[in-house]
Amino acid sequence: MGFGRLGAQGVPAAVALSATLDEIAQVTDPYMTPSERLRRNLLYLTRSRTGYTFMQDCGIRMDRRMITAWLAEERCPRPEQQQRLEDAFRLLRRRNMAPSMTRRLNDGGGTRVEIYPVDQSGVDDKHRRTARWRRKNIYRWDPIVTAWSRSDLHALTHGWHDVITDLDSDWRMYEHVTHLGFWA
């Protein structure tokens, strides 16, 4: 039986972990308007040759006049170009932030993670399982941050499984979560 067939609500823990790391590294900012996000992405990507390489790798045609017009807000990129800029920004920002994130999360003996289990309010009582929120110290963040910086969801899932397997016999209950929170 697959996840959610009985009404549980949540996301794969690797996706929640990636989203939380993105928030800490300021890859995502839910309070920015689309025009502010576009300007931030363009300024970040045009600051170095590496940014231009990442834009090219994500399929953005390298026309200096076009990028200048975007920055001056004389023209606006098409939605698919905006998505490509967002992808290039995410990849470059993650790559640049990975070393400092690893140091920050490993500092002081690791970082405590709060794991909030899936929301079972939509599950019939006879199928509902008791799942409480848990705390877990993660001492070695290197493989998790490396997988996050490469946007490798498979390796991130594997790293998460390595972390939660020692919780107890119900560790599989924490493969999907509503949220992961940690102090970093």
Side-chain angles (χ1 to χ4, degrees), residues 1-34 36-37 40-41 44 54 83 86-184:
M1 183 171 290
F3 173 76
R5 292 190 59 182
L6 298 174
Q9 302 286 319
V11 296
V15 172
L17 185 58
S18 180
T20 304
L21 289 171
D22 280 347
E23 287 175 20
I24 292 170
Q26 297 176 348
V27 174
T28 58
D29 186 354
Y31 303 108
M32 288 183 112
T33 64
E36 290 172 334
R37 190 176 310 121
R40 176 205 60 188
N41 293 349
Y44 193 81
F54 273 76
Q83 184 59 47
E86 186 73 30
D87 293 342
F89 171 78
R90 179 177 290 114
L91 290 171
L92 181 60
R93 180 74 178 171
R94 284 179 174 179
R95 190 202 74 155
N96 289 344
M97 290 298 294
S100 64
M101 287 289 289
T102 304
R103 279 191 308 275
R104 182 178 178 182
L105 294 170
N106 285 337
D107 191 37
T111 301
R112 179 172 291 220
V113 177
E114 292 181 352
I115 308 167
Y116 296 90
V118 296
D119 177 15
Q120 297 184 50
S121 59
V123 178
D124 193 24
D125 285 339
K126 65 182 177 183
H127 296 293
R128 195 174 291 177
R129 297 175 68 191
T130 303
R132 64 186 204 280
W133 70 276
R134 302 288 301 259
R135 288 186 187 139
K136 173 78 173 111
N137 281 346
I138 301 177
Y139 301 103
R140 259 190 87 241
W141 283 88
D142 304 51
I144 291 172
V145 173
T146 301
W148 167 76
S149 70
R150 292 184 315 214
S151 298
D152 185 353
L153 199 56
H154 179 71
L156 200 55
T157 302
H158 181 57
W160 179 251
H161 282 172
D162 287 347
V163 167
I164 63 169
T165 51
D166 66 342
L167 284 177
D168 56 19
S169 61
D170 282 339
W171 66 269
R172 292 183 65 86
M173 190 180 300
Y174 301 100
E175 287 183 311
H176 289 80
V177 297
T178 54
H179 179 70
L180 291 175
F182 44 96
W183 302 94

Rounded at 0.5 Å granularity, tell me how far [atom1] in [X] sits from [atom2] in [Y].
{"X": "Trp160", "Y": "Thr165", "atom1": "CH2", "atom2": "OG1", "answer": "11.0 Å"}
{"X": "Asp87", "Y": "Leu92", "atom1": "CG", "atom2": "CG", "answer": "12.5 Å"}
{"X": "Glu36", "Y": "Asn41", "atom1": "CD", "atom2": "CG", "answer": "11.5 Å"}
{"X": "Arg103", "Y": "Asp142", "atom1": "CZ", "atom2": "CG", "answer": "11.0 Å"}
{"X": "Thr111", "Y": "Asn106", "atom1": "OG1", "atom2": "CG", "answer": "7.0 Å"}
{"X": "Arg93", "Y": "Glu86", "atom1": "CZ", "atom2": "CD", "answer": "12.5 Å"}

Between Leu105 and Ile144, does a side-chain contact (heavy atoms from CB on, under 4.5 Å) hold up when you go through it step by step? CA-CA 10 Å; Leu105 294 170; Ile144 291 172; over 6 Å; no
Decide yes or no on side-chain contact (heavy atoms from CB on, under 4.5 Å) for Asp166 and Lys136, but give the supporting numbers first. CA-CA 10 Å; Asp166 66 342; Lys136 173 78 173 111; 3.1 Å; yes
Hey, are Arg94 and Asp22 close enough for a salt bridge, meaning a charged N less than 4.0 Å from a carboxylate O?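 Salt bridge: yes.
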Between Arg104 and Asp107, does at least one N-O distance fall below 4.0 Å, as a salt bridge requires?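 Salt bridge between Arg104 and Asp107, a charged N being under 4.0 Å from a carboxylate O: no.
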Do the side chain of [X] and the main chain of [Y] share a donor and acceptor less than 3.5 angstrom apart?
{"X": "Thr20", "Y": "Leu180", "result": "yes"}
{"X": "Arg135", "Y": "Arg112", "result": "no"}
{"X": "Arg37", "Y": "Met32", "result": "yes"}
{"X": "Ser18", "Y": "Ala14", "result": "no"}

So which heavy atom on [X] is nearest to which on [Y], and how close?
{"X": "Val177", "Y": "Ala16", "result": "CG2-CB, 3.7 Å"}
{"X": "Phe54", "Y": "Ala88", "result": "O-CB, 3.8 Å"}
{"X": "Phe182", "Y": "Val113", "result": "CB-CA, 3.9 Å"}

Checking Trp148 against Met101 for the side-chain contact (heavy atoms from CB on, under 4.5 Å) test, could you report, in this order, the C-alpha distance in whole Å, the side-chain angles of both residues, the deciding distance, and whether it holds? CA-CA 10 Å; Trp148 167 76; Met101 287 289 289; 4.2 Å; yes
Could you tell me which residues satisfy ring-ring contact (aromatic ring centres under 6.0 Å, His included) with Tyr44, sequence neighbours excluded, listed by chain and number?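 Listed in chain order: Phe89.
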Give a yes-or-no answer on whether the side chains of Glu175 and His161 include a donor-acceptor pair shorter than 3.5 Å.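 The criterion, which ignores hydrogens and geometry beyond distance, is satisfied for His161 and Glu175.
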Run the side-chain contact (heavy atoms from CB on, under 4.5 Å) check on His154 and His158 step by step: do they pass? CA-CA 6 Å; His154 179 71; His158 181 57; 5.6 Å; no
Can you list the residues that meet the side chain to side chain donor-acceptor pair (under 3.5 Å) rule with Asp29, with sequence neighbours excluded?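 Side chain to side chain donor-acceptor pair (under 3.5 Å) list for Asp29, sorted by chain: empty.
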